[in-house]
**Student:** 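Here it is, the structure, as structure tokens.
Here the structure is a predicted model, which is why all the values come from computation and not from measurement. Numbering of residues begins at 1 and proceeds along the displayed sequence.
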Amino acid sequence: MSVETLTVTIETEEDSDELEIPAGALDLLNEGNEGPSAVLGDLALLGVAQQIHGIIHHSQGEVGSDIEDVEEKTMELFEERFGQSFADMVGHDH
């Protein structure tokens with residue numbers, strides 16, 4: 001069985017990365033008429049927010065104010081993109 005893939009390039013000012021994604025996976029995750037880039041953008045920000053949340057709230061020890069500032073900005077950008085807070089979207093609040 002042949003599964004169609006989509007080549008995705010993630011690029012910043014400093015570097016880039018390329019990966020293959022099954023096109024059907026993006027179709028399954030598409031919650032409307034968004035294009036593949038918007039779906040992957042949503043997944044990227046969701047993944048970053050989940051990781052930052054874990055570092056802040058589920059790791060042992062104290063985190064510095066610089067990390068707390070990163071979390072605050074991440075959650076602000078999350079809410080701007082999704083129209084709801086991370087806590088509301090995932091049903092997990094502290």
Side-chain angles (χ1 to χ4, degrees):
M1 168 173 63
S2 176
V3 175
E4 182 182 347
T5 62
L6 178 65
T7 302
V8 177
T9 303
I10 302 167
E11 191 172 328
T12 68
E13 293 175 5
E14 292 123 18
D15 64 0
S16 66
D17 191 14
E18 190 172 279
L19 63 142
E20 295 289 318
I21 304 276
L26 295 177
D27 292 340
L28 289 170
L29 297 170
N30 193 343
E31 295 182 355
N33 293 326
E34 298 178 319
S37 296
V39 173
L40 288 167
D42 288 350
L43 290 171
L45 186 52
L46 178 60
V48 169
Q50 287 174 324
Q51 292 299 311
I52 296 296
H53 173 84
I55 289 167
I56 293 287
H57 298 287
H58 300 284
S59 63
Q60 295 182 8
E62 294 290 318
V63 296
S65 63
D66 57 332
I67 295 174
E68 290 174 349
D69 292 345
V70 168
E71 185 213 20
E72 184 177 329
K73 185 62 174 181
T74 300
M75 296 311 169
E76 177 185 310
L77 294 169
F78 185 95
E79 193 161 342
E80 285 177 16
R81 184 169 183 113
F82 294 108
Q84 62 182 321
S85 71
F86 177 78
D88 287 343
M89 180 179 271
V90 300
H92 181 80
D93 194 10
H94 292 267

**Student:** Return the minimal non-hydrogen interatomic distance between Thr74 and Ala49, and the atom names on each side.
**Tutor:** CG2-CA, 3.9 Å

**Student:** Could you check whether atom CD of Glu72 has more than 12 heavy atoms from other residues, nucleotides or ligands sitting under 6.0 Å from it?
**Tutor:** no

**Student:** Taking all heavy atoms of Phe78 and all of Leu45, pick out the closest pair and write down the distance.
**Tutor:** CA-CD2, 3.7 Å

**Student:** CG of Leu46 to CD of Gln51: how many Å apart, nearest 0.5 Å?
**Tutor:** 10.0 Å

**Student:** Side chains of Met75 and Glu71: does their closest heavy-atom pair fall under 4.5 Å?
**Tutor:** yes

**Student:** Would the number of heavy atoms belonging to other residues, nucleotides or ligands and lying under 6.0 Å from CD of Glu80 be above 12?
**Tutor:** yes

**Student:** Establish whether Leu29 and Leu6 are linked, either directly or via other cluster members, by ILVMFWY side-chain heavy-atom contacts under 4.5 Å.
**Tutor:** yes

**Student:** Could you check whether atom CD of Glu31 has more than 12 heavy atoms from other residues, nucleotides or ligands sitting under 6.0 Å from it?
**Tutor:** no

**Student:** Quick one: closest heavy-atom pair of Ala38 and Arg81, and the distance?
**Tutor:** O-NH2, 3.3 Å

**Student:** What distance separates Thr9 OG1 from Glu11 CD, expressed to the nearest 0.5 Å?
**Tutor:** 7.5 Å

**Student:** Kindly check if the number of other-residue, nucleotide or ligand heavy atoms within 6.0 Å of CD (Glu62) is above 12?
**Tutor:** no

**Student:** Quick one: do Phe86 and Val48 end up in the same hydrophobic cluster if we chain Ile, Leu, Val, Met, Phe, Trp and Tyr together by side-chain heavy atoms under 4.5 Å apart?
**Tutor:** no

**Student:** Below 4.5 Å, heavy atoms only, C-beta onward: do Leu19 and Ile10 meet side chain to side chain?
**Tutor:** yes

**Student:** So do Asp42 and Glu34 actually touch side chain to side chain, heavy atoms under 4.5 Å?
**Tutor:** yes

**Student:** Please report the interatomic distance CG(Leu40) to CG(Leu26), rounded to the nearest 0.5 Å.
**Tutor:** 5.0 Å

**Student:** Give, for atom CD of Glu68 and atom CD1 of Ile55, the distance between the pair rounded to the nearest 0.5 Å.
**Tutor:** 12.5 Å

